[in-house]
Number of protein chains: 2
Amino acid sequence: MTPAGEPYPTDNPLIRKLGRFVPLSGAECAALEQLSANSRKHPAGTDLIVEGDKPKAVFLILKGWAYRYKHLADGRRQIMAYLIPGDLCDIQIFLFEKMDHSIGLLSDAVVVKIPAAEILDLMDRFPRIERALLWGTLVDEATLREWLLNVGQRFALQRVAHLFCELCVRLSVVGLVDDAESFSLPLTQAELADTTGMTTVHINRTLQRMRKEQLIAMSHGRLTILDFERLAEISGFTQTYLHTDGPPIEQRLRSRLSPPM
Amino acid sequence: MTPAGEPYPTDNPLIRKLGRFVPLSGAECAALEQLSANSRKHPAGTDLIVEGDKPKAVFLILKGWAYRYKHLADGRRQIMAYLIPGDLCDIQIFLFEKMDHSIGLLSDAVVVKIPAAEILDLMDRFPRIERALLWGTLVDEATLREWLLNVGQRFALQRVAHLFCELCVRLSVVGLVDDAESFSLPLTQAELADTTGMTTVHINRTLQRMRKEQLIAMSHGRLTILDFERLAEISGFTQTYLHTDGPPIEQRLRSRLSPPM
DNA sequence: CGCAAGTTTGACGCTGCTCAATCACTGTGG
DNA sequence: CCACAGTGATTGAGCAGCGTCAAACTTGCG
């Protein structure tokens with residue numbers, strides 16, 4: 001087992017992410033590495049699964065961006081999550097009869113399709129991985145709550161700022177942010193609008209303002225965070241809900257729970 | 001084991017709710033019944049747990065209403081869930097070091113505080129209960145997505161209509177809606193506002209409009225749905241995400257998964 | 001080079017917010 | 001039994017944030 005803080009040397013995004021939740025042994029890493037073997041390329045713009053489908057497998061994103069979304073009858077759309085390398089699309093969603101939302105690709109992507117049975121088997125064999133997956137689910141849920149807060153209570157500029165802070169932190173966990181706090185952002189303004197509950201026109205004006213105020217720079221599908229501190233202050237962003245920084249090692253958790261009270 | 005569709009006769013809201021997810025045996029019902037033994041009364045307005053606390057237990061609501069919420073620095077508040085009888089407050093939340101939100105009581109309530117260890121034990125002994133709890137978590141998450149869609153994309157009247165439809169369905173599952181589609185709603189307009197991302201003033205005007213249009217009636221903390229069909233149509237509500245109607249029995253699910261493809 | 005997709009701009013106005021006052025209800029103490 | 005206070009509901013006036021519509025512009029790409 002590699003001690004916490006000394007991650008298993010890998011560029012596998014899943015191992016990188018889960019390794020932050022629980023320390024992973026060599027065997028566990030190998031199993032995860034093996035999972036990633038049967039990857040397939042999918043082109044941008046296609047859907048991995050759409051509302052109404054029977055979910056039979058879980059998708060693991062290795063490269064590229066996916067997003068979770070839902071349409072209303074009148075054409076309005078709400079984006080409910082972005083899935084980046086290392087993210088699993090709802091580990092337990094196969095319990096549902098039908099998908100209640102769709103998952104689409106924002107860029108060309110490398111994706112692993114994992115049959116439900118295989119996930120169950122993996123969790124049986126490696127309880128620590130199961131625990132890490134559970135962590136991941138909890139973080140997804142906390143993120144969803146944060147998005148609700150964002151859309152429900154904040155102003156346009158705050159919403160966008162908060163989103164950018166979150167993405168920056170999440171992407172840096174999987175090594176996709178460079179030293180200049182710059183990263184690939186394969187989103188159109190329409191997608192940003194449907195994420196934050198705004199219109200494209202207003203997103204456009206908000207982005208312009210952010211550029212004028214030296215908060216960000218955008219070009220060629222890359223976003224550069226010029227002033228993370230100020231973005232975080234403006235939007236009230238704190239990264240605790242993402243649980244990226246040293247979550248409790250199993251040991252610590254167990255001792256906290258052992259005296260049942 | 002009682003066959004599906006012929007529920008174990010009880011007025012225990014937890015059994016009532018879980019029994020809809022999976023068929024429960026007598027032993028399982030007894031275990032759940034026993035859980036509910038150590039209940040305590042809590043007065044309205046108090047918090048069960050607040051942001052920053054270390055979660056060590058799970059709360060089960062037996063009577064009354066609770067709500068999950070989060071404050072911003074400037075005093076704005078977003079309500080992120082309502083918890084009604086039979087609801088558990090985040091079964092796995094004890095994995096987190098600190099609560100990232102608070103849970104408060106909207107009415108006098110009867111609540112069971114279940115130490116994390118006891119929950120784990122229950123899940124060990126009764127896999128079917130574990131499965132039902134997992135279902136519950138998935139439904140919570142689906143509900144959160146629906147709320148995000150609501151707040152992000154719909155107009156004021158639609159938001160309120162959708163919320164009322166959801167509450168009506170959820171409350172009727174635990175037997176809290178009478179024949180006239182009327183139920184106790186211990187919410188102030190301020191709370192409705194913080195749920196839907198609106199102001200109290202606008203909630204007030206929206207409710208007036210709904211009353212004038214014969215959609216609802218409100219008095220003495222009770223809400224009567226006068227025209228559920230139209231409310232649902234206006235807001236685009238469909239109850240599928242709540243998974244109240246005949247979710248797959250274990251058998252069906254297992255056969256669907258067995259050929260791993 | 002020319003199309004398609006995405007971005008930007010302007011004019012206009014609706015939805016929903018702010019502020020601030022008044023009203024209604026309920027429980028309290030004298 | 002009533003004055004009083006506190007909480008929540010209601011109202012009005014004014015306006016700001018953001019949406020709508022429609023057109024022009026820019027960029028990527030075969």
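Numbered from 1 within each chain, the chains take letters A, B, ... in sequence-line order. Predicted model only: the values in this text are computed from it and were never measured. Reckoned from all heavy atoms, side chains included, excluding hydrogens, waters and symmetry mates.
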Below 4.0 angstrom, N of the basic side chain to O of the carboxylate: do [X] and [Y] qualify?
{"X": "A:Glu146", "Y": "A:Arg159", "value": "no"}
{"X": "B:Lys98", "Y": "B:Asp53", "value": "no"}
{"X": "B:Asp108", "Y": "B:Lys63", "value": "no"}

Nearest-Å distance, [atom1] ([X]) to [atom2] ([N])?
{"X": "A:Met198", "N": "C:dG16", "atom1": "CE", "atom2": "P", "result": "16 Å"}
{"X": "B:Ile203", "N": "C:dT18", "atom1": "CD1", "atom2": "P", "result": "14 Å"}
{"X": "A:Gln208", "N": "D:dC25", "atom1": "CD", "atom2": "P", "result": "16 Å"}
{"X": "B:Leu192", "N": "D:dT10", "atom1": "CG", "atom2": "P", "result": "11 Å"}
{"X": "B:Gln153", "N": "C:dT15", "atom1": "CD", "atom2": "C1'", "result": "15 Å"}
{"X": "A:Gln158", "N": "D:dC18", "atom1": "CD", "atom2": "P", "result": "9 Å"}
{"X": "A:Glu191", "N": "C:dG6", "atom1": "CD", "atom2": "C1'", "result": "11 Å"}
{"X": "A:Asp194", "N": "D:dG19", "atom1": "CG", "atom2": "C1'", "result": "14 Å"}

Mark yes when over 12 heavy atoms from residues, nucleotides or ligands other than B:Asn38 sit less than 6.0 Å from its CG; otherwise mark no.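 Atom CG in B:Asn38 is not crowded, with 12 or fewer foreign heavy atoms closer than 6.0 Å.
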Quick one: CG on A:Asn204 to OG1 on A:Thr199, what's the gap to the nearest 0.5 Å? 9.5 Å
Closest to the [X] side chain: [options]?
{"X": "B:Arg205", "options": "D:dT10, C:dT7, D:dG12", "value": "D:dG12"}
{"X": "A:Val201", "options": "D:dC18, C:dT9, C:dG16", "value": "C:dT9"}
{"X": "B:His202", "options": "C:dG16, C:dT8, D:dC18", "value": "C:dG16"}
{"X": "A:Phe155", "options": "D:dC18, C:dT9, D:dA9", "value": "D:dC18"}
{"X": "A:Gln189", "options": "D:dG17, C:dT7, C:dG16", "value": "C:dT7"}

Please determine if a side-chain N or O atom of B:Arg211 lies less than 4.0 Å away from the OP1 or OP2 oxygen of D:dT10. yes
Within the pair A:Asn204 and C:dT8, is there a side-chain N or O less than 4.0 Å away from OP1 or OP2?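 Yes, such a contact exists.
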Donor-acceptor pair, A:Ser39 side chain versus A:Val111 backbone, under 3.5 Å?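 A pair under 3.5 Å: no.
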Would you mind listing every salt bridge (charged side-chain N to carboxylate O under 4.0 Å, His left out) that reaches into residues 178-194 of chain B, with sequence neighbours excluded? B:Arg77-B:Asp194, B:Asp178-B:Arg222
How is A:Gly197 classified with respect to the nucleic acid when contacts are heavy atoms under 4.0 Å: base, sugar-phosphate, or nothing?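 If one applies the 4.0 Å heavy-atom cut-off, A:Gly197 turns out to touch the sugar-phosphate alone, with no base involved.
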Under 4.0 Å, counting only non-hydrogen atoms across every strand here, what does B:Arg76 touch: a base, just sugar-phosphate, or nothing?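 Nothing, no heavy atom under 4.0 Å.
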Given B:Tyr69, B:Trp147, B:Tyr82, the one that forms side chain to side chain donor-acceptor pair (under 3.5 Å) with B:Thr195: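 So, applying the side chain to side chain donor-acceptor pair (under 3.5 Å) to B:Thr195 and each of B:Tyr69, B:Trp147, B:Tyr82, only B:Tyr82 qualifies.
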For residues 215-226 of chain B, which residues have at least one heavy atom under 4.0 Å from DNA chain D?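 Output list: empty, so none.
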More 5' along DNA chain C: A:Thr188 or B:Thr199, using each one's nearest nucleotide? A:Thr188
